[in-house]
Amino acid sequence: MAGVDLQVISVPSVAGVSMAGVDFQLQGSSGTCWPPESGPAATSRWTCPRARSGSPVPVCNKVDQDNSPLDFEYIAHPDFPAYRVRWPVKRYQACRCGTACGAAGRLSAAACKCACVLKNGGGPAYNADGTLVRGRPMVYECGALCGCPAASCLNRVTQRGMEHRLEVFRSKETEWGVRTLDLIQPGAFVCEYSGDVLTVDDGQSTDWGNYVDPRKFPARWMEWGDASAALPDKEEGQHKFPELTTGPGYVLDVSRRRNLAVYISHSSAPNVFAQFVIRGNEDESYPHLMVFAMDTIPPMRELSVDYGIDRQDYPCFCPPEHELTDLYLHDDITGHPVRSAAGFFHRADIYSAVAESAISPYCPNSTIFSCLHTMESCSLCCL
Ligand SMILES: C[S@@+](CC[C@H](N)C(=O)[O-])C[C@H]1O[C@@H](n2cnc3c(N)ncnc32)[C@H](O)[C@@H]1O
């Protein structure tokens, strides 16, 4: 608990979900925990300080007295071992551009001949706005030893840190979960998994209790940005990514130090996916385990990732097929678009949709969970 600041925050009423009106009413002394108050207008939140400068991550419990996330030291980024920089071979794989490296649709990879961008194969990893163009076995960003200016390099998206405000919240179904307070666009970088790095051998198994094992995440990155089904004759569908020479050789021990990512729930129809990222000359057996959005995620929606587990592993709250159908029928009746046909709701979303039924900050004629359009773009409920 050392170093934890308690902040009692007035939570805006449901209409203020944009969070613009968050008002710090009182800051408690370090190490103190206050029980949550009931009611929508005033709720206690504990804040874990982030290791780097930046906003603290709020921890919100409106359900019970548990405050266990505060028992863990917050570590925003894993410390990979120093020997991950292999001299001299890996060093020459870093980029030697003198200028900003390319992003799709802007300064092309060919124009700057960036070694890191070229390693991605099939074009730059990111658009100029930082969106991941498509999932890959590995995304190669520029890194510390690269010659390009870090401030303007477009190939360092995850190094700029979390852009969206996320909240660890107490869920009635899965104990603790993570939800976003901001709209997250598909392909956006969300957060990094962090904990203490333990080097492991191939085949050494771990469970989810105390370890996050990067090897266990299924390759859901394949689903992101692959237009081959729609464009079977195009280059897109024929693209082959460079083979990885090695898989991840580590797990994250989260028994003592962790960050918010460990609280992301499992779903077989997730809205975020795990993507390995290497920076410059880093050792490929220690890729960063990054989380990107694979869907539009509205404010107050819970994040869910595919753990790569069987449903039998624990009582799972993913919706059975008939609930999926019911939900779509309901939305067909209201006429509001919900999500792409490929996705469906996590059951926890349904509960929080009820609990948090709020007016959408985007489409004022609708609720957050039924329409993501702006008044200008919505052709249904904002007519
Ligand atoms: C990595 S932890 C996630 C954080 C956890 N919810 C907590 O409160 O610490 C994984 C555990 O969360 C719970 N969990 C995650 N997703 C779930 C789901 N869809 N249904 C049921 N339990 C889930 C299970 O207990 C699982 O063992």
Side-chain angles (χ1 to χ4, degrees), residues 1 4 33 36 45-46 48 57-76 78 166-180 190-198 205-218 220 248 250-275 289-291 294-295 297 300-324 327 339 343-355:
M1 299 286 292
V4 173
C33 285
R45 293 171 183 229
W46 296 273
C48 299
V57 175
V59 178
C60 178
N61 187 348
K62 296 182 190 175
V63 173
D64 57 29
Q65 305 292 310
D66 187 278
N67 64 356
S68 53
L70 300 187
D71 295 341
F72 300 93
E73 196 178 319
Y74 200 85
I75 175 171
L166 303 179
E167 179 181 74
V168 176
F169 77 105
R170 188 70 167 164
S171 144
K172 291 193 181 86
E173 294 79 40
T174 60
E175 301 189 337
W176 290 97
V178 178
R179 62 188 171 195
T180 176
V190 176
C191 64
E192 174 172 16
Y193 272 91
S194 186
D196 289 307
V197 177
L198 293 184
S205 74
T206 52
D207 60 47
W208 269 94
N210 283 327
Y211 302 99
V212 173
D213 188 340
R215 302 165 301 176
K216 286 192 176 165
F217 289 93
R220 300 296 293 243
Y250 76 96
V251 296
L252 294 171
D253 177 353
V254 293
S255 60
R256 195 174 62 85
R257 302 198 293 169
R258 54 174 62 180
N259 74 340
L260 78 170
V262 77
Y263 294 104
I264 299 176
S265 295
H266 162 78
S267 174
S268 52
N271 54 19
V272 298
F273 65 96
Q275 168 69 66
L289 184 57
M290 299 302 193
V291 176
M294 65 193 306
D295 206 346
I297 314 177
M300 303 308 280
R301 173 73 53 84
E302 181 173 7
L303 305 186
S304 59
V305 72
D306 188 343
Y307 290 180
I309 55 165
D310 290 333
R311 281 190 175 210
Q312 301 90 288
D313 285 1
Y314 49 74
C316 187
F317 286 98
C318 297
E321 292 301 315
H322 71 273
E323 288 190 18
L324 166 66
L327 193 67
R339 277 177 88 167
F344 58 84
F345 277 95
H346 189 283
R347 185 189 290 225
D349 288 339
I350 302 168
Y351 287 123
S352 40
V354 175

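Each ligand, and each atom within it, is numbered from 1 in the order the structure gives.
- Between the side chain of N61 and the backbone N or O of D66 there is at least one donor-acceptor pair closer than 3.5 Å.
- Taking only nitrogen or oxygen atoms, main chain and side chain alike, W176 reaches within less than 3.5 Å of ligand 1.
- Using cut-offs of 30° and 60° on the angle between ring planes, the pair W176 and Y263 is perpendicular.
- Of all the atoms in ligand 1, the ones that sit under 4.0 Å from a non-hydrogen atom of V262 are 1 (C), 2 (S), 3 (C), 4 (C).
- Shown in contact with E175 at under 4.0 Å from a heavy atom are these atoms of ligand 1, numbered in order with element: 8 (O).
- Taking any N or O of H266, backbone or side chain, at least one lies under 3.5 Å from an N or O belonging to ligand 1.
- For the residue pair S171 and E302, no side-chain donor N or O sits within less than 3.5 Å of a side-chain acceptor on the partner.
- Under a 3.5 Å cut-off, the side chain of S194 and the backbone N or O of I75 do form a donor-acceptor pair.
- Selection from Y307, Y211, Y263 by nearest heavy atom to atom 15 (C) of ligand 1 gives Y307.
- Between R258 and ligand 1, not a single N/O pair is under 3.5 Å apart.
- Taking every heavy atom of both residues into account, C60 and R179 meet most closely at SG-NH2, 3.9 Å.
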